[in-house]
Amino acid sequence: MSEAPGGGAGSAVNDGAAMALWFECYQFLVHEAALLDDNRMEDWLGLLSEDISYEVPIRQTRHRTEDPLQPDAWHMKEDIASMKMRISRLATKSAWGEDPPTRTRRLIGNLRTTAPDSTTINATSNILVYYGRGDVSEHTILAAERHDILRRSSGGLRLRRREVILSHATLPVQSLGIFL
Amino acid sequence: MAELNILRTRSVSAELEQRLSGVETDLNDGLVPAWVFGNDPELYALERERLFPRVWSFIGHVSEIPEPGDHVIRYIGEDSFIFIRSSDGEIRLLFNACRHRGNQICTVERGNSKAFQCPYHGWTYANTGELTTAPAIDDVLGGIDRGEWGLLAVTRLEQYRGLYFACLDPDAPSLAEYMGDAAYYLDIFFGLFDDLEVLGPPQRATWPTTWKAGFDGFGDDYHLITLHRSLFEIGALAVPPAANILGHHIITGHGHNITISIAPSDEIAYWGYPAEMIARYSTKHLDDFQIDLMKRSRVLVGTLFPNFSYLVFPITVDPKIPAVPLAQIRMWLPRGDGRMEAWVWNLIPASASAEFREKSHLIAIRTFGSGGVFDQDDGLAGHGINRTSSSVIGRSMKLNYQSGFAIGTAEQIEDWPGPGAATSHRYEENAYRYTFRQWVRFLRDDAYPELIPAPRKLA
Ligand code: FES
Ligand SMILES: [Fe+2]
């Protein structure tokens, strides 16, 4: 997925375009992460395109020559209907597992962007999430690489696809009640 | 052939023995002392030696290792085993430890191997477990009896309807005897669909609670109305809250239990599997009562003592989209004191259409499992119970399991046509008391414990 920096594009003009793309994309990802950290779930939902595909495949411990990602098994595999279900559930008074909500702090980095056409951006980023619950000091760190496809719409960038490649084989938390 | 033995080092301290005998007294009053769910190193060490090696532990489904050489890592308690289909076609369970210095020889969760070479000094074993070769074999191992130094194999590995279970105790009864009448009810799903297969490898997630919160909570129907209320509110559950209580708990003995939601009419039959799909399967080996249960069943949840559960029921993410049935098996694996791993396998009949297969898999992922909305709430309760029962004051609490026994309206059904003791309704709590009775017997009894039969009259 990753390409060597500057691959193909050498000129100052192209570097400028690449920087603008990177900056635009990073702003989007940081904004989106802030909405999630602040539990502004409806606002976050507004950043998903209607044909969103959000997937967290299962990872297994396997030999170096084998793919650790399972092509046929997931922790989450969502479309817009199931994303709306999850978020409308959080808005009820009885989503106990997330009320009080998990305290999260997302750090997004190592962003790599390409634009295969004028409306599509491929963005690969790393995410680290501080994950804390309840009135105890213990916390967990969740780590993943994300392969996103963003789409330009009249309202701005929208998330069309996100594949979350967990760094965990066994989830260190009881369930993914948060979005990565 | 070298034998695999359970090392028994523990004698129960007088203090714990007194507490355990107190559990039996409390259970007779419909109470469970809270400390059974708490962090307790002595209790956990005792479970690791006296409970997990002596019960029949779930290992895996036959469809997980279809080809010769296929293997997956599985656990009995916290001990690691290789579940493998050897090149000779036989399915084996090998202790994941080199016989030389004990290094683990299989470091991957899943793979296909003709042989295992130990990374430490290179002892190499065929996938049957046999020691075949090693570096500088004549200089170092000349004269060794290779037949004697193969991987330790579990001799008591048995299957029922494609579900493999293992037991490490030579004194234990057969799997069939151990399951007893629980098989009668397991058959209405696992016996009907004779071509079940897993939908990929299991999800694994770490819960900050004891493994016992798994068996206690999974068959508990009462908690749906509050803990999972959000799912009724958004219309995800096909069975409305007022109807959820209808049906039975069945205590089949040996610590196993079943809960089955029965519809007054057949508006949801066969858990929502399409009738034309059901029609493809033979019910020849099921009796009339099993067929009747299957027909009217909306939800089927069973727990085989101590840490294996299964679940079949229909659900949707949106009331405008028709509910689709999911089927899954779960294992509640101990992972240290006060921690467990929930393993979730989703199942599908192989004959299902590609479309149905995908729908059933997706609804399972979205609702029940490591990313499911149910598990989010279940985890919260599991953690809360563990915190209370590990606290100084909480440990001394007696928890109320009296519904259907001393209080409430649930009653035993006198003329139940099936095996076991059945009650109506599904919010009663006798089922868990009988599970804890069996748990205490395993911890207290030095000899192989009595498997407690289903009661004629609930007590
Ligand atoms: S420990 Fe395996 S070869 Fe020495
Ligand atoms: Fe639950």
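Please read these numbers as outputs of a predicted model, since none were measured by experiment. To find a chain, count down the sequence lines: A is the first, B the second, and so on, and within it residues start at 1.
- Heavy atoms of Thr226(B) lying under 4.5 Å from chain A belong to its backbone as well as its side chain.
- For chain B, the nearby parts of Glu78(A) are the backbone and the side chain; heavy atoms of each come within less than 4.5 Å.
- Between the side chain of Arg366(B) and the backbone N or O of Lys77(A) there is at least one donor-acceptor pair closer than 3.5 Å.
- Using a 4.5 Å heavy-atom cutoff, the side chains of His75(A) and Ile365(B) are not in contact.
- Residues Arg204(B) and Leu171(A) are not in side-chain contact: their nearest non-hydrogen atoms beyond the backbone lie 4.5 Å or more apart.
- Residues Gln60(A) and Arg110(B) come closest through the heavy atom pair OE1-NE, 2.9 Å.
- For Asp377(B) (side chain) and Trp96(A) (main-chain N/O), a donor-acceptor pair under 3.5 Å exists by modelled atom type.
- Two residues are said to be in side-chain contact when any heavy atoms from C-beta on lie closer than 4.5 Å; Pro201(B) and Asp72(A) meet this criterion.
- Within the 4.5 angstrom heavy-atom criterion, no atom of Asp99(A) approaches chain B.
- Looking only at side-chain heavy atoms (C-beta outward), Gln174(A) and Gln376(B) stay at 4.5 Å or farther from each other.
- Interface residue Val136(A): only side-chain heavy atoms are found under 4.5 Å from chain B.
- Within the 4.5 angstrom heavy-atom criterion, no atom of Thr316(B) approaches chain A.
- For Glu233(B) against Ser94(A), the heavy-atom pair with the smallest separation is OE2-OG, 3.3 Å.
- Proximity of Thr170(A) to Thr206(B): side-chain heavy atoms (C-beta onward) are separated by under 4.5 Å at one or more points.
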